[in-house]
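Per chain, numbering begins at 1; letters A, B, ... match sequence-line order. Since we're looking at a predicted model, the values are computed, not measured.
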Amino acid sequence: MIKIKDLSHQFILGKKDQQTTISVLEKIDLNVNEGEIVTIVGKSGSGKSTLLNLISGFIRPTQGTIWIDEVCVTELSEAKFADFRLDRVGFIFQSFQLIPSMTAYQNIELPLILKGVNEVKRKDIVHSLLEKVGLDDFQDHYPSELSGGQQQRVSIARALVHEPALILADEPTGSLDSDTEMEILEIIKQLNQEMGITFLIITHDEEVARIGHRSIAIKDGRLLEGVQER
Amino acid sequence: MKLKDKLRFIRQNIKKNRARTFMTILATAMGCAFLIVLASVGYGLHQSFVKDTLEDQIVTEIEIYGKEKDGEYLPLTIDDVEELEKIDRVKAVTRKNELRQIPTYTVDDYRGETLAVSVDYPSEIASGLELEKGRLPEKANEVLVGYHFTEYLFFLTEENIYDQETGEVKEEYVYSDEIVGKEIVMTVKKDEEVSETIPLTIVGVMEKPTKDWEVDPSVYISGEVFRQVETFTGTPGGELGIETEQLHTETFASVSVYAENLEAVEDIVEILKEDNYATYSVVSEMEQINVVFTIAKAGLILVGTIALIIASIGIYNTMTMAVTERAPDIGIMKAIGANPKTIKQIFLLESSYIGLMGAFIGTVVSYVTSALVNVGLPLIIETVFEEQLPEGLQFSAIPWSLVAISVVICLIVTILSGMRPAKRATQIDVLKAMRREV
């Protein structure tokens with residue numbers, strides 16, 4: 001599903017005449033198979049979020065290639081990458097990233113609107129997902145009227161609504177209490193088992209790392225040898 | 001993303017900032033109304049001029065004053081008239097000659113003096129000659145009289161027929177009976193002592209002249225009567241006090257060409273100019289009027305557009321603020337797969353919406369203002385300057401073409417002003433936006 005080869009990334013900091021280059025990722029090679037849950041575990045500043053942002057296309061790598069579903073995404077233009085994300089990738093963010101002026105229903109509906117799905121079909125899909133994440137009574141609530149766990153469920157439903165083959169999750173339980181964290185992790189496992197969706201989860205939390213079929217540690221921009229398989 | 005959904009997005013966004021959007025729409029509406037009202041003055045005065053010109057003249061008539069030959073304009077001969085009749089889409093060529101002396105006319109106990117004009121009736125009929133009353137002459141001694149002919153017939157009496165105050169003939173001495181069917185005697189002179197009387201019958205009265213100021217008291221005689229006078233006096237046109245060997249007039253005092261329709265006039269005028277005829281037609285006058293007013297209208301539209309450009313600064317500001325405020329939402333949308341093109345379209349549609357609403361409100365305001373100007377301005381001018389304005393003068397007119405031009409200008413200006421903010425929206429960095437750093 002994901003094939004990363006020789007991926008390196010550097011950030012350039014400072015003004016033009018006093019620029020400093022910081023190497024964040026170095027020669028990363030990674031394969032994620034279809035239907036797998038892979039967790040990347042690392043401390044703050046280890047480069048795990050940069051890795052996810054590179055796979056997501058939010059930033060471009062300094063070197064190396066990323067293949068998702070047989071498509072070399074590092075060669076895609078910004079617009080093509082956006083279309084690719086809308087077609088095949090779902091996102092779960094630590095801070096949920098819901099649009100505050102939209103209700104839970106409208107937030108979940110958004111990817112379908114962007115894809116041009118008609119209103120009747122949208123209604124069916126969104127309602128079934130709201131039911132799946134247990135929020136059918138909260139569809140008209142705005143994010144500010146929902147708890148952290150509920151917001152993350154909305155975020156998960158939004159990530160699923162366009163039936164992606166891959167979901168990229170950046171600290172999906174980072175803002176949640178331990179009970180809610182367990183609930184969310186349970187949903188992720190369930191989705192993987194029932195729908196065969198591939199998950200790549202970035203986390204610093206060992207608990208979260210345990211739900212993965214494989215857990216890979218990252219330190220100082222390098223993936224550490226010795227993948228933990230479960 | 002479907003247009004319907006984009007419009008829903010825009011509605012939601014506008015709802016969030018109702019007051020700001022309303023003020024921007026209002027500024028656009030004022031700019032648009034200013035443009036329309038300003039240009040409508042040009043359109044109104046143009047319409048009034050055209051109406052005035054067309055009302056006073058026969059639009060298919062081309063008057064011919066002569067033909068240039070060796071740098072000199074010569075009167076037209078019958079050969080010229082025949083040549084003119086052969087031109088494509090010419091309906092008729094009328095020609096007139098005036099007697100070069102003023103005959104005296106007697107009807108019952110009334111007498112008057114006025115011009116006698118010889119006309120070619122077949123060509124007059126073909127040109128569409130219309131009578132106020134009566135019929136067209138069928139015999140040589142049958143004549144038509146001008147609309148004002150009876151006003152020149154006065155009662156024969158020894159008494160003073162003139163009003164001492166006004167100097168005009170008193171009303172009771174002016175002929176007031178029915179004139180059609182009356183026997184009339186035309187008296188022409190050869191010299192001071194010798195004269196001849198020619199009995200004629202009035203069979204019809206010419207239509208009132210189109211121009212308000214024009215007076216037509218003439219008697220329209222046939223070519224035979226005209227030649228009868230020439231034979232009697234022995235001079236062309238019955239002119240007195242000259243000695244010449246030429247008996248008959250071989251040229252015409254006035255010749256007019258009538259086109260089949262208004263569209264043909266321009267082509268015929270071109271042909272006539274190429275053949276060195278000196279012409280005048282209402283179309284030539286209209287062309288000049290149109291050129292002047294088109295320049296004036298373009299100038300007024302340009303000045304009005306400046307108002308819209310000023311309003312566009314407001315739109316630019318509103319859209320820039322909207323982009324800044326919505327940057328986190330745009331970041332989220334981009335992250336989940338919104339194409340930059342879609343984001344740009346949403347913002348451009350929003351600025352177009354402001355433009356369209358502004359244009360709509362501006363148009364309504366313009367129609368109301370235009371109506372008030374047409375009613376109020378003449379009253380003000382008449383009161384302040386104590387001057388009577390021409391009847392039917394329209395100060396402001398808003399044709400659909402002006403509305404269309406204004407809406408298009410308004411849309412272009414608003415889209416252009418929304419262009420940069422929309423582009424900025426597409427360039428928003430996803431990560432920065434999601435971290436609320438934009």
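Counting heavy-atom pairs closer than 4.5 Å to chain B, the top residue among A/R158, A/K115, A/H162 is A/R158. Ranked by heavy-atom pairs shorter than 4.5 Å toward chain B, the options A/K80, A/R85, A/Q97 are led by A/Q97.
Annotation: side chain of B/F395 is in contact with side chain of B/P378 (closest heavy-atom distance under 4.5 Å). Residues A/V161 and A/P111 are in side-chain contact: their nearest non-hydrogen atoms beyond the backbone lie under 4.5 Å apart.
A donor atom on one side chain and an acceptor atom on the other are not found under 3.5 Å apart for B/S312 and B/S417. B/Q345 and B/T342 are not linked by any side-chain donor-acceptor pair at a separation below 3.5 angstrom, with hydrogens and angles left out of the test. The closest side-chain donor-acceptor pair between B/E325 and B/N17 falls under 3.5 angstrom. Residues A/T180 and A/D177 have side chains that bring a donor and an acceptor to within less than 3.5 angstrom of each other.
Classified by interplanar angle (parallel below 30°, tilted 30° to 60°, perpendicular above 60°), the ring pair B/H46/B/F293 is parallel. In this pair, A/H9 and A/F11 present their aromatic rings perpendicular. The plane angle is above 60°, beyond the 30 to 60° band.
Interface remark: B/K6 contributes no atoms to any contact with chain A (heavy atom separation under 4.5 Å). Heavy atoms closer than 4.5 Å to chain B are found in both the backbone and the side chain of A/N118. B/R8 touches chain A through its side chain: at least one heavy atom from C-beta onward sits under 4.5 Å away, while N, CA, C and O do not. Contact annotation for A/R88: neither backbone nor side-chain heavy atoms come within less than 4.5 Å of a heavy atom of chain B. Looking at A/V117, only its backbone comes within 4.5 Å of chain B, counting heavy atoms on both sides. B/I336 touches chain A through backbone and side chain together, each having a heavy atom under 4.5 Å away. With a 4.5 angstrom heavy-atom cutoff, A/L112 does not touch chain B via any of its atoms. Contact annotation for A/F93: only side-chain heavy atoms (C-beta onward) come within less than 4.5 Å of a heavy atom of chain B. If you measure heavy-atom distances from B/K341 to chain A, you find no contacts under 4.5 Å at all.
Nearest heavy-atom pair across A/Q152 and A/Q94 is NE2-O, 4.1 Å.
Atom CE of B/M30 has 12 or fewer neighbouring heavy atoms from other residues, nucleotides or ligands inside a 6.0 Å radius.
How far CD1 of B/I354 is from CG of B/L411: 12.0 Å, rounded to the nearest 0.5 Å.
Annotation: residues 41-67 of chain A contacts chain B through A/N53, A/F58, A/I59 [non-hydrogen atoms, separation under 4.5 Å].
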